[in-house]
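Working notes, structure below.
Keep in mind that what you see is a predicted model, and the values were worked out from it rather than measured. Chain naming here is simple, since letters A, B, ... match the order of the sequence lines and numbering starts at 1 in each.
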Amino acid sequence: MSDSSAPPETDVFAGLTAPQKEAVGHVDGPLLVLAGPGSGKTTVVTRRVAHLISQGIPPWQILALTFTNKAAGEMRDRIERLLPDELIARRGLTVATFHSFCARLLRRYAQAAGLDSRFSIYDAADQRDAIKQALKAADLSSRNFTPGAVASAISNAKNRLLDAAGYAAEAGDFYTRSIARAFTAYEKVLRVNDALDFDDLLLVTARLLRDDESVRGELQRRHQYLLIDEYQDTNHAQFVIAAALAAQHRNICVVGDPDQSIYGWRGADIRNILEFEEQYPDASVIALGRNFRSTGHIVSAADQLIRHNTRRKHKPLSTELGDGEKPTVIVCRHEHHEAEMIVDEFRRRREENATPWKDMAVLYRINALSRVLEEAFRDAQVPYIVARGTAFYERKEIKDALSYLRLIANPNDEVALRRIVNTPPRGIGKTSLDTIELFALNHQMRFFDAMRAADRITGLTARAIAAVGRFVRLIESWREFATSAGESDDARLLDTEPPSILAELVERVVRESGMEKLYRNSKSEEDLARLENLEELISAASEFVPTVDERAETDGEGRHWAATDLLQAYLESVALVADADSVDPASGAVTLMTLHTAKGLEFEVVAVAGLENGLLPHLRATTSDAELEEERRLCFVGMTRAKRHLLMTRAAVRTHRGIRERTIESPFLHEIPTDSVITSDQAMYLDDIEDAEESWRPRPCPRKGAGRRPRTAVEASLIADPDQPEITIGCLVRHPKFGLGRVEAIMRRPVGSSARIAFQSAGTKTLMLEYARLKRVE
DNA sequence: CTGGTCATTTTTTTT
DNA sequence: AAATGACCAG
């Protein structure tokens, strides 16, 4: 299929360097692309896929796997833009995250995998609940075995493809054997509930591919060309999945950078990329070392730092962009001072260099650092966004609503059931639940079935029986609604306007569960915010459209999407959101995020905060050399996000978890030669922790109660971008088609915020801010 | 059964 | 500092 002579100079090769061209032109056989920071990796990958298609390979034979939805979405968009229009119509190209690919595969091959296709996906919080339950069942005190420790032990085992039995076989000492018991009990909880945790998605898929020859063969034939992004972050399960898919055709292209491997703690195995050439001795290896992103001093400082990693193959980094400015290091007095310095610097950049807010970012090691920074940006009236897409789904009211939905989709999901059975309070208290549980146990019944038979349970008060009956009828009426209401006509799916059957269901749940009433009757601002969040959830549901890939899986022979399929896909997409997914380039605000989420992104101006010993490197990652090297890579990733200017800060005194402590400089700062950076010590004469406190004057205009109140999603969107006239609630806007209207509500969502606008002539509509070309009218 | 207060704990990073 | 869990009064 591939031409052995030089690839033709079509436009997919335009403007590329020689190694880039080589990678783009590669068609058959294994390929390893070592892509340093800013080396045009995404360009190479997307053009290569376009090139494959131009060589006559059907798009549906190509499978690209990424780690975040955002990366997948971007890749899909960029590939499609490279393809001729007539091809887009008949695509079928699969670009997905590892986890969503596996989830879909497992639903399709549920029977072969020994699963119920309605299985739930448990997130970290659900997993915690399930582990607590398991610890109780295994009669282990959660004193000595904290759910967190057990969870990470189990996760590590699963990433190595060990199940509970395999783990137990390895367990020697008392502690490990106890964990093994907890593991076994936890697996039982998952099985009974028809639930999988994140690790299971990979583990079960890997096992299925390994053990089931016919499934493996089918998938190998379907996915002839495999592409894996960020390969340095794959764990063993992912490695097995990739190897199984590629075993026959060997058309596997992996892209990554060992120096940016930062997920070792969750089982990523850097050996996967380091030993790729041993696994595929005939692999072509292409190194992309030239940096097109950052100016010279930034590249050189980062390079000096990463050289301190010993277990590493050094590759030269060079830049195309001239020296630029030296990175700045500022030693601040304390965290508030640090935040102010960063805000000051960003303001100056905007005034002097006209750098837009959206091209600036603050990166930090731990989420807890965001609070002080947020305060500083808010007080300075600088628009900012905290990239934390998962935060929305961690809110109590949202988790509750989703638990109702999960229970509708999967009747056996007892973790979901227990969460909402008495939320909002409906008279089913602990005593009643214990009685029901005992009954279920004695009669070998499902918990929900026992509730159904509540009137036969002795020891339950008449009051409780009535309450339980009402609850059961409520759930069953929703379930009936979801199963009977099919999408009568496919056009509805493509319609952006409600009513969507899904939104209807979510709305019914919010209303009929009593959640709406509970929060509406409350006077507290917090509950009002909760109500707004629930409305946002409904609005998000109304706009939910399964991805092309998902639809392709189910549509097939003209099969219609039933409401339950839609619900399933929705719950799946919600379970698998990542923080990085919420990074919105159209937002017009400074982005605040962790170093981990920043991987793969770039900004003109970047501040890395908290360069202190114990914070970066983190205290818990200093026990081994391997961990310390990973922390160094993390710092390297942060530094190389900057295109033009890099600011690194630390506070001499920092308050963390309520304790104020003097800090020690990060060794990483020490490792960068002093003449590679410009250092400014603002805390030189700070002899005493008390001085730090005195020097912190309360900021100018502290609003009443600010800082206490939980910030709502809506509030975040009210911080406007001065680059453009802001769109706020109540303001007048003009839409190119609908004309003049007034903004009634703004809904900020992880991806694509929207606004409800009452138009003078066109009626009330909900529009996506990103696409609707709204102009504010003064 | 509900809703308060008080004590205790918190792994940093995430699909 | 914040969030959970245990305990107790209504």
Side-chain angles (χ1 to χ4, degrees), chain A residues 65-72 96-103 121-125 127-129 132 142-143 146-153 155 158-159 196-203 230 233-235 237-238 261-268 335 363-372 387-391 393-394 396 422-433 461 463-464 467 572-581 593-599 610 614-623 627 630-631 633-635 637-638 655-660 707-708 710:
Chain A
L65 294 174
T66 63
F67 277 81
T68 65
N69 299 300
K70 180 167 180 280
T97 67
F98 256 105
H99 290 265
S100 63
F101 173 74
C102 291
I121 299 171
Y122 280 2
D123 67 13
Q127 190 183 23
R128 219 187 143 79
D129 288 350
K132 276 188 209 157
S142 52
R143 274 257 181 286
T146 64
V150 175
S152 88
S155 178
K158 286 186 174 180
N159 287 330
L196 298 181
D197 63 24
F198 287 139
D199 298 320
D200 284 333
L201 293 174
L202 305 175
L203 167 93
E230 307 282 13
D233 288 328
T234 50
N235 63 28
Q238 288 161 328
S261 157
I262 54 176
Y263 285 104
W265 52 272
R266 74 172 202 212
E335 67 270 27
L363 314 180
Y364 36 80
R365 179 66 233 265
I366 60 173
N367 279 306
L369 286 202
S370 78
R371 267 191 58 223
V372 174
R388 196 118 202 281
T390 52
Y393 297 100
E394 282 166 11
K396 179 189 169 351
N422 201 31
T423 320
R426 50 170 68 87
I428 309 176
K430 191 174 183 314
T431 357
S432 302
L433 287 174
T461 64
R463 217 186 159 85
E572 197 168 292
S573 76
V574 159
L576 300 177
V577 286
D579 285 335
D581 299 341
M593 71 190 128
T594 65
L595 288 159
H596 283 90
T597 1
K599 193 180 62 172
L615 198 52
L616 181 61
H618 194 271
L619 186 65
R620 272 175 216 280
T622 42
T623 45
E627 284 176 323
E630 179 155 312
E631 294 292 304
R633 290 194 293 267
L634 198 50
C635 189
V637 166
T655 310
H656 189 225
R657 284 237 278 255
I659 309 160
R660 178 159 47 239
R708 280 285 128 150

For A:Arg388, is there an ion pair with A:Asp579 - N to carboxylate O distance below 4.0 angstrom? yes

Check whether any side-chain N or O of A:Arg128 sits under 4.0 Å from OP1 or OP2 of C:dG5, and answer yes or no.
no

**Study point:** Heavy-atom side-chain contact between A:Thr655 and A:Glu335 under 4.5 Å
**Key:** yes

note: A:Asp233, atom CG; B:dT13, atom P; distance rounded to Å ~ 17 Å

Against the side chain of A:Ala578, the closest entry in B:dT15, B:dT13, C:dA2 is B:dT15

- Task: Would you please confirm or rule out a distance under 4.0 Å between OP1 or OP2 of C:dA3 and any side-chain N or O of A:Lys396?
- Result: no

Rounded to whole Å, OH of A:Tyr263 lies from P of B:dT15 at a distance of 6 Å

* May I ask you to verify if any side-chain N or O of A:Arg620 is less than 4.0 angstrom from the OP1 or OP2 atom of B:dT12? => yes

Could you list, one pair per line, each protein nitrogen or oxygen that sits under 3.5 Å from a nitrogen or oxygen of nucleotides 2-5 of chain B, together with the distance?
from: B:dT2; atom 1: OP1; to: A:Gly427; atom 2: N; distance (Å): 2.9
from: B:dT2; atom 1: OP2; to: A:Asn422; atom 2: ND2; distance (Å): 2.8

**Message:** By the 4.0 Å heavy-atom rule, please label A:Phe98 as base, sugar-phosphate, or nothing.
**Reply:** nothing

TODO: Classify the nucleic acid contact of A:Ala368 as base, sugar-phosphate or nothing, counting any heavy atom under 4.0 Å across all strands shown.
DONE: nothing

**Prompt:** Would you call A:Trp265 stacked on B:dT13, i.e. ring centres under 5.5 Å apart with the planes less than 30° off parallel?
**Reply:** yes

Between CD1 of A:Ile659 and C1' of B:dT9 the distance, given in whole Å, is 12 Å

Here the distance between atom C1' of C:dA6 and atom NZ of A:Lys430, to the nearest Å, is 11 Å

Output for pair (A:Arg620 CZ, A:Trp265 CH2), nearest 0.5 Å, gives 14.0 Å

Comparing nearest nucleotides in DNA chain B, the 5'-proximal residue of the pair A:Leu576, A:Glu627 is A:Glu627

With a non-hydrogen cut-off below 4.0 angstrom, is A:Ser152 in contact with a base, only sugar-phosphate, or nothing? base

Below 4.0 angstrom from OP1 or OP2 of B:dT15, is there any side-chain N or O of A:Asn159?
-> no

request  = Give a yes/no answer on whether the side chain of A:Ser100 brings an N or O atom under 4.0 Å of OP1 or OP2 in B:dT15.
outcome  = no

| message | Heavy atoms only, 4.0 Å cut-off, all strands: where does A:Asp199 land among base, sugar-phosphate and nothing? | response | nothing

Hits for side chain to side chain contact (heavy atoms under 4.5 Å, CB included) against A:Ser152, two or more places apart or cross-chain, chain-then-number order -> none

Using the C1' atom in both, what is the distance from C:dG5 to B:dT12, to the nearest Å? 23 Å

Sequence neighbours excluded, the answer for side chain to side chain contact (heavy atoms under 4.5 Å, CB included) partners of A:Ala387 is A:Ser582, A:Val583, A:Thr591, A:Met593

Winner on side-chain proximity to A:Lys132, out of C:dT4, B:dT13, B:dT15, is C:dT4

When rounded to whole Å, the NZ to P distance for the pair A:Lys70 and B:dT14 reads 15 Å

In whole angstroms, the gap separating P of B:dT12 from CZ of A:Arg388 amounts to 13 Å

> Is there a donor N/O on one and an acceptor N/O on the other, under 3.5 Å, for the side chain of A:Arg365 and the base of B:dT13?
Replying inline: yes

Note to self: Can you tell me if A:Thr594 touches the phosphate of B:dT12, counting only side-chain N or O atoms and a distance under 4.0 Å to OP1 or OP2?
What the structure shows: no

The side-chain hydrogen bond (donor to acceptor under 3.5 Å, both in side chains) partners of A:Thr597 (sequence neighbours excluded) come to A:Thr594

Judged by nearest nucleotide, the residue sitting upstream toward the 5' end of DNA chain B, A:Gln127 or A:Leu619, is A:Leu619

Between NE2 of A:His656 and C1' of B:dT13 the distance, given in whole Å, is 13 Å

A:Lys158 meets the side-chain hydrogen bond (donor to acceptor under 3.5 Å, both in side chains) criterion, sequence neighbours left out, with A:Glu187, A:Asp197, A:Asp200

A:Asp129 CG to C:dT4 C1', in whole Å, measures 12 Å

CG (A:Leu201) and CD (A:Gln238) are apart, to the nearest 0.5 Å, by 11.0 Å

A:Ser432 vs B:dC1: side-chain N/O to OP1/OP2 distance below 4.0 Å = yes

Among B:dT15, C:dT4, C:dA2, the one nearest any side-chain atom of A:Arg371 is C:dA2

By side-chain hydrogen bond (donor to acceptor under 3.5 Å, both in side chains), A:Asp123 pairs with (sequence neighbours left out) A:Lys399

Worksheet item: Which part of the nucleic acid, if any, lies within reach of A:Phe67 when heavy atoms closer than 4.0 Å are counted: base, sugar-phosphate only, or nothing?
Response: sugar-phosphate

Q: Please work out if A:Asp579 contacts a base, only the sugar-phosphate, or nothing of the nucleic acid, heavy-atom cut-off 4.0 Å.
A: sugar-phosphate

